[in-house]
Each structure stands twice: as C-alpha cells, then as structure tokens.
S.K.: 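Submitted below is the structure of interest, expressed as structure tokens.
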Amino acid sequence: MRLTRYFLPVLKETPAEAQIVSHRYMLRAGLIKQAAVGIYSWLPLGLKVLRNIERIVDEEQQKAGHIPLLMPTLQSADLWRESGRYEAYGEEMLRIKDRHGRDLLYGPTNEEMITDIFRSYVSSYRDLPKTLYHIQWKFRDEMRPRFGVMRGREFLMKDGYNFDVDRESALEAYDRHMVSYLRTYERMGLKAIPMRADSGPIGGENTHEFLVLAETGESEVFYDSAILDLQLADRVVNYEDPNQLKEIVAEWTAPYARTDETHDPALFNEVPEERRRSSRGIEVGQIFYFGTKYSEAMGATVTNAEGQRVPVEMGSHGIGVSRLVGAIIEASHDEKGIIWPEGVTPFHVGIVNLRQGDAETDAACAGIYAGLQALGLDPLYDDRNERAGAKFATMDLIGLPWRITVGPKGLKNGVVELVSRRTGESEELPPEQAVEKIARIYAYI
RNA sequence: CGGGGCGUAGCGCAGCCUGGUAGCGCAUCUGUUUUGGGAACAGAGGGUCGCAGGUUCGAAUCCUGCCGCCCCGACCA
C-alpha cells in the first residue's frame with residue numbers, strides 16, 4: 001500500500017481522553033475512533049491488526065479440531081429464561097424490544113444459544129465429542145468502560161463450547177483448549193500465563209485465566225517466575241493425543257500462578273523467594289469446565305452406551321480478540337510508539353523514501369515495493385512528500401517491525417538500510433537482499 | 001450507580017472568576033525555499049463557544065435543566 005493512497009489518520013498530539021499507553025497509541029496511530037462510551041470504529045490499520053489476531057485464533061482452533069460456526073449478536077430472551085440467566089445477568093445485559101414487543105438481547109455470551117443448537121440435533125453419545133466455536137461481537141453494558149478496547153462495551157470475542165459424554169472426556173477437552181490457547185498467544189508474540197482463577201457467574205469447578213503481564217492490567221497476579229521460561233516453540237503437538245496434552249498442561253500448571261481471587265499466600269511462600277513475583281496482568285482469555293450446569297437446565301441430553309439419557313458434559317472457552325489488540329500494545333511499545341510482533345503487524349515492512357521526487361530514489365523504492373509484493377508480502381510505502389523526520393516518526397508510531405530506508409546517499413553505494421523497530425539495529429545491504437531478508441523473516445511466522 | 005472533573009476551529013488548549021468585536025499552537029490550503037529524525041518564510045480558509053431555557057441593552061462568560069465525555073470505586077473477555 002502506498003501511504004498517499006491509504007487512510008491513515010495519525011495524530012501528533014494525544015487526545016485528552018486517553019490515559020493508558022495502548023489507548024493513546026491506538027488513537028494516535030489511527031487504529032480506532034470512539035463512537036460512544038466503550039464502542040469503537042476500527043479504522044483501516046486497526047482492522048488489519050484485528051483481522052490478523054482473529055485469523056491466528058481461528059487457525060489454531062481448527063488445528064485443535066474445533067468447528068467454526070456463527071451465531072447472531074441478537075438473541076431471544078426466551079432461551080435465557082430457560083437457563084435462569086435472563087434475570088440473573090443483571091444490568092450488564094443490553095435488553096431490546098422489537099416492534100412486536102418481544103424481548104431480545106444483544107448477546108454477552110452464547111452458552112444458551114449453543115446449547116439450544118446442540119440439543120436440537122445431537123442425541124447420541126456416538127456424535128460426541130464436539131467443540132463448536134465462533135468469533136462474534138458481544139455486548140456487555142459495563143458500569144464503567146475504560147482503557148479503550150481493553151474494557152469496551154462492544155467487543156470481539158472467540159467463544160467456544162465443548163460437548164462430551166462424560167467427565168473424563170470433558171477434562172481432555174479442557175487440556176486441549178489450554179494447549180491450543182498457549183499456542184495461539186505464542187503466535188501473537190505474547191507471553192500469556194495460565195492462572196488458576198475464579199469461575200465467576202459462568203460457574204463451574206475448573207477454570208484458568210490467561211494473563212498478559214502489564215503495569216496497566218486490572219488484575220493482581222502472583223506467580224513463580226519459572227513459568228516465564230516455558231515455551232511451546234517448535235514442539236509438535238498432536239491434539240489427538242490426550243496424554244501429550246495432559247503432560248503439557250501439567251508442565252504449565254506446576255509453577256504457582258494465581259490471580260488475587262484464588263491467591264493462597266501459604267502455598268505461594270513455598271516458591272523459592274527469588275522466583276516469587278507479584279505484578280499486574282491483563283486477562284486475555286479464560287477456559288472453564290462446568291459439567292452439566294447448562295445442559296441440565298436446558299435439557300441437553302444424549303443417550304450413552306448403556307442406553308441411559310444423561311445431560312451432556314460441557315465447558316466453555318473465550319479469547320478477547322479485540323482486547324488483545326490493546327494487550328499486545330501494552331506488552332510491546334516504547335516512547336516512540338507501538339512495536340508490533342511479526343505475527344500480528346498490519347504491514348510486514350515499511351519503506352521510507354527519504355527524497356521523494358528524486359528519480360533514482362523513487363525508482364529504487366518502487367522496485368523494492370514491487371519485489372516485496374511479488375513475494376506475497378504486504379509493505380507500506382511512505383511516498384508522501386515529507387521530510388525524513390516526519391516519515392520516521394510516523395513509522396515508529398505505527399510500529400511496523402521492519403523498515404527499509406531508501407535515500408540518495410545509500411543508493412550512491414548501492415545500498416539501502418534495513419532497520420528493526422524493536423532493537424533499532426540497522427544494516428546496510430543492496431535492495432534485493434533487503435527484500436530477501438524480509439521474506440526469510442516472515443517465512444517462519 | 002456513588003464520588004470528582006471536563007465540553008470553545010480537525011487535534012491540544014487559553015479566554016469564564018470581574019458580561020461588551022472569539023484567540024493561541026499544531027493540522028489544512030496557496031506560493032517560494034528546503035529535504036538522512038516531526039522544516040522556514042509569506043499569505044489564506046475554518047468556530048450557531050455541547051443543547052435548550054432564563055437573567056441582561058448585551059452571554060463563551062451569570063442561573064436552571066438536559067446531553068456527551070474523562071478519572072476513582074464496586075462489576076467484568
């Protein structure tokens with residue numbers, strides 16, 4: 001994309017309403033525009049990041065064998081009356097009446113609707129296990145939305161639901177989700193720590209939250225620093241193998257890691273003192289095993305091998321897709337702007353033309369731009385008639401992980417500059433080699 | 001929902017206390033010179049001062065009501 005043809009409204013000054021760094025940068029870099037309290041438009045650059053995150057979540061779900069579908073944002077109140085949550089959910093649920101006076105609601109989550117779909121079609125244990133998920137906008141009328149997309153009222157969430165014939169199988173699903181979530185966050189360049197948590201209003205006995213460590217996090221967390229060293233990296237995971245999944249879960253749940261809700265000071269004190277950490281974290285996902293809570297209330301039963309009708313075992317799992325955009329910025333930025341991990345960056349590389357209008361420089365930029373596109377890469381070419389400083393400032397702010405700087409001085413020696421946004425390290429090399437190097441970097445992302 | 005604060009040009013702000021021609025910086029447009037870390041000069045455009053009432057000869061300014069937004073708290077992906 002050529003910047004002169006793109007829509008990238010960057011701001012030099014910080015809008016007054018933004019307090020935390022991710023919110024400030026999201027506004028300044030032209031990612032979002034607030035439409036109302038806790039409700040945002042996603043501008044082109046922000047949408048690209050959101051879609052990248054969504055794509056990673058989607059791909060990792062399917063690798064784990066989970067099945068995508070799409071449920072509506074508006075739901076009938078009747079389903080929620082069945083589960084008893086229409087009254088229980090409270091003011092957070094946005095209730096709407098249609099022209100006939102029927103009660104609708106903008107879905108804050110989908111346990112009821114997925115259970116209804118399930119019970120309509122599945123009646124035998126032979127059809128189990130199944131995990132269905134969707135990535136859809138939710139609405140929760142929070143008392144106090146804040147921090148931009150980190151606590152919006154409207155937000156994009158992946159929510160999934162597993163259906164199993166018995167407890168053992170449901171717990172396998174729990175493990176499978178934990179592992180697939182670890183993989184998902186790793187691909188985004190995030191360190192998200194699974195922590196034993198409280199199940200809250202969704203209910204259930206087993207639950208972990210995934211937290212990204214950040215000063216601005218809303219949760220207080222306590223953990224053994226050993227957990228920071230754990231990585232899936234290039235480990236081959238076989239989602240069909242419950243034993244392997246169990247081992248990985250055991251590995252990640254062995255070090256102490258809890259939120260303040262479940263924190264146990266006595267247990268925490270058993271961690272060697274030099275590894276005992278407390279900090280703040282942003283919750284970017286949660287997995288639950290809640291057994292038959294919804295299936296019993298809503299009559300979702302299957303016939304088991306013994307011919308008895310039993311309520312199906314369930315769990316649910318969520319990833320805050322839109323929140324992750326903010327969480328990634330909180331975890332990865334500096335005083336100049338955002339630093340996107342390669343996995344989610346809106347453009348793979350920025351090209352800065354230092355002497356717009358100079359025939360040789362323009363031609364070199366055009367060649368690099370075309371070369372990158374030919375290799376399937378998505379570059380952003382700053383072809384504005386601005387001075388170098390302004391172009392650098394824009395690139396630093398929007399945070400593309402790599403920048404190719406092209407100017408007459410370098411071209412005289414046949415080289416351009418390739419700069420890492422994260423480290424600031426730069427190397428001079430011929431244009432073709434810069435293109436190849438970018439291609440190599442992204443070949444493994 | 002309780003407590004605190006703010007609404008003046010696209011953005012950031014001053015002016016309000018003490019009523020009298022609506023200002024500054026950035027951004028935008030035109031021109032010239034510039035061009036390796038947010039250029040300089042000259043000129044130009046842009047605001048029913050959140051909305052509605054009221055007081056007054058006169059309201060951005062004083063009064064009342066409403067709306068919007070921000071921060072702290074309890075609640076939450």
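In the text below, chain A, chain B and the rest are named by the order of the sequence lines, each starting its count at 1.
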S.K.: Would you call Lys158(A) and Asp58(A) a salt bridge, taking side-chain N to carboxylate O under 4.0 Å as the test?
M.R.: no
S.K.: Any idea which of C69(B), G36(B), C26(B) is nearest the Glu13(A) side chain?
M.R.: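 Of the options given, the side chain of Glu13(A) lies nearest C26(B).
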S.K.: Could you check whether Asp396(A) gets within reach of a base, just the sugar-phosphate, or nothing at all, counting any heavy atom under 4.0 Å?
M.R.: base
S.K.: Which sits closer to the 5' end of RNA chain B, Gly285(A) or Leu397(A), going by the nucleotide each is nearest to?
M.R.: Leu397(A)
S.K.: Does G65(B) have a Watson-Crick or wobble partner in any strand here, with both distances under 3.5 angstrom, and which is it?
M.R.: C51(B)
S.K.: Tell me which nucleotide, if any, is Watson-Crick or G-U wobble paired with G25(B) when both distances must be under 3.5 Å.
M.R.: C11(B)
S.K.: For C72(B), take OP1 and OP2 only and decide whether either is under 4.0 Å from a side-chain N or O of Arg144(A).
M.R.: yes
S.K.: Using atom C1' in both nucleotides, what's the gap between G54(B) and U61(B) to the nearest angstrom?
M.R.: 15 Å
S.K.: What is the separation between atom CD1 on Ile20(A) and atom P on C70(B), rounded to the nearest whole Å?
M.R.: 13 Å
S.K.: Taking any heavy-atom pair under 4.0 Å as a contact, classify Gly357(A): base, sugar-phosphate, or nothing.
M.R.: nothing
S.K.: Please name the nucleotide paired to G31(B) by Watson-Crick or G-U wobble geometry with both distances under 3.5 Å, or report none.
M.R.: C41(B)
S.K.: Contact class for Gly407(A) vs. all strands (heavy atom < 4.0 Å): base, sugar-phosphate, or nothing?
M.R.: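 Touches a base.
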S.K.: Which value, in whole Å, describes the distance between the C1' atoms of nucleotides C67(B) and A52(B)?
M.R.: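 That atom pair is separated by 10 Å.
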S.K.: Roughly how many Å is it from NE2 in His23(A) to P in C71(B), rounded to a whole number?
M.R.: 8 Å
S.K.: Quick one: label Ala18(A) by what it contacts on the DNA or RNA (base, sugar-phosphate, nothing), any heavy atom closer than 4.0 Å.
M.R.: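 Nothing: the residue Ala18(A), judged by heavy atoms under 4.0 Å, touches no strand.
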S.K.: Expressed in whole Å, how much space separates the P atoms belonging to G25(B) and G31(B)?
M.R.: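 After rounding to an integer number of Å, I get 23 Å for this pair.
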S.K.: Under 4.0 Å, counting only non-hydrogen atoms across every strand here, what does Thr405(A) touch: a base, just sugar-phosphate, or nothing?
M.R.: base
S.K.: Could you tell me whether Arg403(A) contacts a base, only the sugar-phosphate backbone, or nothing, with contacts defined as non-hydrogen atoms closer than 4.0 Å?
M.R.: base
S.K.: Should G20(B) form a Watson-Crick or G-U wobble pair with both distances under 3.5 Å, which nucleotide is its partner?
M.R.: C57(B)
S.K.: So, do Phe155(A) and A77(B) meet the stacking rule of ring centres under 5.5 Å and planes under 30°?
M.R.: yes
S.K.: Side-chain contact, heavy-atom cut-off 4.5 Å: Leu104(A) with Arg95(A)?
M.R.: no
S.K.: Given that Val37(A) and Arg384(A) both sit by RNA chain B, which one's nearest nucleotide is further toward the 5' end?
M.R.: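 Closer to the 5' end of RNA chain B: Arg384(A).
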S.K.: Considering every strand and a 4.0 Å limit on heavy-atom distances, what is the contact class for Pro108(A): base, sugar-phosphate, or nothing?
M.R.: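 The residue Pro108(A) makes no contact with any strand.
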S.K.: Would you say Arg387(A) places a side-chain N or O within less than 4.0 Å of OP1 or OP2 belonging to A39(B)?
M.R.: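 Result: yes.
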S.K.: P atom, G15(B) versus C6(B): distance in rounded Å?
M.R.: 12 Å
S.K.: Is A77(B) paired to anything, Watson-Crick or G-U wobble with both distances less than 3.5 Å, and if yes, which nucleotide?
M.R.: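 Across all strands, not a single nucleotide pairs with A77(B).
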S.K.: Counting only side-chain nitrogens and oxygens, does Gln34(A) get under 4.0 Å of the OP1 or OP2 atom of G68(B)?
M.R.: no
S.K.: Which whole-number value in Å describes the distance from Asp260(A) CG to C75(B) P?
M.R.: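 Whole-Å distance recorded here is 10 Å.
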S.K.: Counting heavy atoms from C-beta on, name the nucleotide in A77(B), C71(B), G36(B) closest to the side chain of Arg146(A).
M.R.: C71(B)
S.K.: Quick test of your reading of the model: are Glu59(A) and Arg55(A) salt-bridged, counting only N-O distances below 4.0 Å?
M.R.: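 Salt bridge present between Glu59(A) and Arg55(A).
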S.K.: Which value, in whole Å, describes the distance between the P atoms of nucleotides G73(B) and C11(B)?
M.R.: 28 Å
S.K.: At less than 3.5 Å, do the side-chain atoms of Arg28(A) and the base atoms of G38(B) form a donor-acceptor pair?
M.R.: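 Between G38(B) and Arg28(A), which were checked side chain against base, a qualifying N/O pair under 3.5 Å is present.
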S.K.: Once you round it to whole Å, what is the distance between P of U35(B) and CG of Asp362(A)?
M.R.: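 Those two atoms, CG and P, are 16 Å apart.
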S.K.: Taking the side chain of Met143(A) as its heavy atoms from C-beta onward, which of A77(B), A74(B), C72(B) lies nearest to it?
M.R.: A74(B)
S.K.: Determine the contact category for Gly148(A): base if any of its heavy atoms lies under 4.0 Å from a base atom, sugar-phosphate if only primed atoms, P, OP1 or OP2 are that close, otherwise nothing.
M.R.: nothing
S.K.: Is the gap between the ring centers of Tyr174(A) and Tyr289(A) under 6.0 Å?
M.R.: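 Centroid distance Tyr174(A)-Tyr289(A): not below 6.0 Å, so no.
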S.K.: Is a donor-acceptor contact shorter than 3.5 angstrom present between the side chain of Glu386(A) and the base of G38(B)?
M.R.: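 No pair found.
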S.K.: Between atom CD1 in Ile135(A) and atom P in A77(B), what is the gap in whole Å?
M.R.: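 Going from CD1 in Ile135(A) over to P in A77(B) covers 18 Å.
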S.K.: Without decimals, in angstroms, what is the distance between Met93(A) CE and A77(B) P?
M.R.: 15 Å
S.K.: Using a heavy-atom cut-off of under 4.0 Å over every strand shown, decide if Ala388(A) touches base, sugar-phosphate, or nothing.
M.R.: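 Result for Ala388(A) = sugar-phosphate.
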S.K.: Determine the Euclidean distance between corresponding P atoms of A14(B) and A9(B); express it in Å to zero decimal places.
M.R.: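 These two P atoms come out 12 Å apart once rounded.
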S.K.: Please round to the nearest 0.5 Å and tell me the distance separating atom CG of Leu74(A) and atom CE of Met113(A).
M.R.: 9.0 Å
S.K.: Is the Phe163(A) ring parallel, tilted or perpendicular to the Phe118(A) ring (thresholds 30°, 60°)?
M.R.: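 Rings of Phe163(A) and Phe118(A): parallel, under 30°.
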S.K.: Using a 4.5 Å cut-off on heavy atoms from C-beta on, say whether the side chain of His66(A) contacts that of His177(A).
M.R.: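 A side-chain contact under 4.5 Å exists here.
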S.K.: Met195(A) has an atom CE; how far is it from atom C1' of A77(B), in whole Å?
M.R.: 16 Å
S.K.: Expressed as a whole number of angstroms, how long is the span from Leu11(A):CG to U28(B):P?
M.R.: 12 Å
S.K.: Are Gln356(A) and Lys391(A) packed together at the side-chain level, in the sense that at least one heavy-atom pair is separated by less than 4.5 angstrom?
M.R.: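 Counting from C-beta outward, Gln356(A) and Lys391(A) do come under 4.5 Å.
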S.K.: Any side-chain N or O of Lys12(A) under 4.0 Å from OP1/OP2 of A27(B)?
M.R.: yes
